[in-house]
Amino acid sequence: MRIVYMGTPDFAVPPLQKLCENGHRVELVVTQPDKARDRGKKVQFTPVKEKALEYGIEVLQPEKIKGNEEFIARIKAIDPDAIIVAAYGKLLPVELLQIPRRGCINIHASLLPKYRGAAPIHRSVINGEEKTGVTLMYMEEGLDTGDMIAARSTKIGRKTTAELHDELAVMGADLLIRTLPGIETGISGRTEQDDSMATYAPMISKADELVDFSKTPEEVERLIRGLNSWPGAYAMYKGERMKLWEAEALDEKANKPDGTITDVSKNGIKVAAGGRILLLKRIQLPGKKAMDVSEYLVGNKIETGEVLGRSETA
RNA sequence: CGCGGGGUGGAGCAGCUGGUAGCUCGUUGGGCUCAUAACCCAAAGGUCUAGGGUUCAAAUCCCUACCCCGCAA
């Protein structure tokens, strides 16, 4: 198939790679503009751009697509069989969606119609879902509302968002390659999404990242796991942000107010949460790298009775 | 030129109102013990990120470079 590929972050790399390896003709790759990151003064290419350049595929990075006559004309000129989209990062206008004869196909990292939107993996982990997956769908005007073509699921278990992210990226790529022949010949079906079952997974905000110790240890642990490895959950400790990377909910009663540190040892830091105990195992303080609690305690002190809080100023 | 923190023995830190380096852990050897992530004794291990400068003398002050990290995007 002759394909235009649109994607930006790491998640979108495996599908692109699989397409190339399986003999599909990727005529053009579209990705977000390079962001000028000042720290280190380096302009970083998007992961998809890096991969595209590896294969010698032309890359386009339009600031905006809607109303961009030149860009639309360019796509029309290529006249692709399909446009495949994976985490491109922006909504696509209808005028673009209508171009390819086999449609625009999106890889979404959830089991639609649940978790439409920007942060499906994060939200799935945080909410304690048993399983998640990837769904292939035809794109239409709405956000992740199009007809579904195929899906595959996986158990979440104790996996972090980072682990699921990588797993789903590969899973999505495989699913795409397997499904594409059917799409090309027109024999693959399409299933409408049941809108009444739909849920929305909004982007993670700063407020989402701040741990609330009034919640149960299980809930807090899921938040920490769901925000690993990006952007990370945190709590305030002595006026600084302590990022929390790994924790475990313990079946112990706490007799101190939520947020109080009840024990510090090589095994970790015990904190009261929701009347019970959460064991923090891996943490990170500003300017430092992430480290296991046992490692952190060598050279630093954390005392029983100190408090992890929500206040930015305390 | 967005803001800020930092680069010191294998790991985490202290030292930074200048006089060639210290702590905790780990490692190695020995001891003790029924036993232990226990305890005791001893040892090895550092061009203090790199390059300049100031000075009788710099890890410590100044400049430059590189790298890491937090925030903001």
Side-chain angles (χ1 to χ4, degrees), chain A residues 6-12 30-50 59 61-66 87-91 117-119 121-122 160-162 165 201-213 220 223-248 250 252 259 261-271 277 279-314:
Chain A
M6 302 181 69
T8 300
D10 290 318
F11 184 81
V30 184
T31 191
Q32 293 286 323
D34 299 321
K35 285 183 182 173
R37 298 208 174 122
D38 273 331
R39 203 213 308 159
K41 294 178 180 174
K42 281 179 192 164
V43 176
Q44 269 199 326
F45 290 174
T46 70
V48 163
K49 182 178 179 180
E50 298 266 6
V59 176
Q61 300 177 280
E63 280 292 342
K64 53 184 276 189
I65 291 175
K66 191 164 183 159
Y88 174 65
K90 288 225 176 83
L91 287 176
I121 309 178
H122 291 92
T160 62
T161 290
H165 171 278
M203 286 191 293
I204 300 295
S205 73
K206 207 75 205 166
D208 290 317
E209 298 164 27
L210 184 53
V211 169
D212 178 358
F213 285 105
V220 177
L223 180 69
I224 291 170
R225 186 152 46 82
L227 296 183
N228 178 338
S229 62
W230 186 89
Y234 72 94
M236 296 307 293
Y237 172 71
K238 290 183 173 173
E240 293 188 309
R241 292 183 179 198
M242 178 192 277
K243 288 225 177 197
L244 310 176
W245 291 116
E246 208 183 312
E248 184 182 339
L250 299 182
E252 285 180 32
I261 294 171
T262 63
D263 184 57
V264 179
S265 76
K266 288 180 180 177
N267 296 324
I269 301 167
K270 288 186 180 179
V271 191
I277 296 291
L279 181 68
L280 303 175
K281 298 160 90 168
R282 194 169 174 79
I283 62 178
Q284 177 178 24
L285 277 99
K288 304 298 181 187
K289 57 184 183 181
M291 54 185 119
D292 291 333
V293 169
S294 58
E295 212 176 348
Y296 180 80
L297 289 175
V298 178
N300 295 281
K301 252 188 188 154
I302 292 180
E303 314 251 8
T304 299
E306 289 174 342
V307 176
L308 293 177
R310 286 175 68 78
S311 171
E312 294 280 348
T313 52

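Letters A, B, ... are given to chains in the order of the sequence lines, protein chains preceding strands, and every chain is numbered from 1. It should be emphasised that the depicted structure is a prediction, and the values quoted were computed from it without experimental measurement.
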How many whole angstroms separate atom [atom1] of [X] from atom [atom2] of [N]?
X        : N     : atom1 : atom2 : answer
A/Tyr296 : B/C69 : OH    : P     : 18 Å
A/Ile283 : B/G70 : CD1   : C1'   : 15 Å
A/Met236 : B/G70 : CE    : P     : 15 Å
A/Gln284 : B/C13 : CD    : C1'   : 16 Å
A/Ile302 : B/G12 : CD1   : C1'   : 12 Å
A/Asn300 : B/C23 : CG    : P     : 18 Å
A/Met203 : B/A73 : CE    : P     : 12 Å
A/Met291 : B/G70 : CE    : P     : 12 Å

Considering only atom [atom1], compute the distance from [N] to [M] and round it to an integer number of Å.
N     : M     : atom1 : answer
B/C63 : B/U24 : P     : 35 Å
B/C13 : B/G52 : P     : 29 Å
B/A35 : B/G45 : P     : 33 Å
B/U47 : B/A58 : C1'   : 14 Å
B/A21 : B/C48 : P     : 11 Å
B/U54 : B/C62 : P     : 15 Å
B/C1  : B/C69 : P     : 25 Å
B/G9  : B/G19 : C1'   : 22 Å

Give, for atom [atom1] of [X] and atom [atom2] of [Y], the distance between the pair rounded to the nearest 0.5 Å.
X        : Y        : atom1 : atom2 : value
A/Thr160 : A/Arg225 : OG1   : CZ    : 8.0 Å
A/Leu227 : A/Ile204 : CG    : CD1   : 5.5 Å
A/Asp292 : A/Arg282 : CG    : CZ    : 4.5 Å
A/Ile283 : A/Glu246 : CD1   : CD    : 12.0 Å

Nearest nucleotide by nearest heavy atom, which residue falls closer to the 5' end of RNA chain B, A/Lys266 or A/Leu285?
->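 In this pair, the answer is A/Lys266.
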Look only at the side chain of A/Thr46 and the backbone of A/Pro9, and say whether a donor-acceptor pair between them is shorter than 3.5 Å.
->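 No.
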Check: A/Ile261 main-chain N/O paired with A/Thr304 side-chain donor or acceptor under 3.5 Å =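 Looks like no, no N/O pair under 3.5 Å.
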When both hydrogen-bonding distances must be under 3.5 Å and the geometry is Watson-Crick or G-U wobble, what is [N] paired with, if anything?
N     : value
B/U36 : none
B/A43 : B/U27
B/C61 : B/G53
B/G4  : B/C69

Kindly write out the residues that satisfy salt bridge (Lys or Arg N to Asp or Glu O under 4.0 Å) with A/Lys243, not counting sequence neighbours, or none if the list is empty.
->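 With sequence neighbours excluded, A/Lys243 shows a salt bridge (Lys or Arg N to Asp or Glu O under 4.0 Å) to no residue whatsoever.
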Would you mind classifying the nucleic acid contact of A/Asp292 as base, sugar-phosphate or nothing, using non-hydrogen atoms under 4.0 angstrom?
->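 If one applies the 4.0 Å heavy-atom cut-off, A/Asp292 turns out to touch nothing in the nucleic acid.
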Any side-chain N or O of A/Lys206 under 4.0 Å from OP1/OP2 of B/A72?
->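 For B/A72, OP1 or OP2 has a side-chain N or O of A/Lys206 closer than 4.0 Å.
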Non-neighbouring partners of A/Thr161 that pass side-chain hydrogen bond (donor to acceptor under 3.5 Å, both in side chains), sequence neighbours left out =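 Not a single residue meets the side-chain hydrogen bond (donor to acceptor under 3.5 Å, both in side chains) criterion with A/Thr161.
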Using a cut-off of under 3.5 Å, enumerate the N/O to N/O pairs linking the protein to nucleotides 6-11 of chain B.
residue : atom : partner  : partner atom : Å
B/A11   : O2'  : A/Glu295 : OE2          : 2.8

Closest to side chain of A/Lys243, choosing from B/C71, B/C69, B/C13 =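 That would be B/C71.
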Would one find more than 12 heavy atoms of other residues, nucleotides or ligands at under 6.0 Å from atom NZ of A/Lys66?
->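 No, not enclosed.
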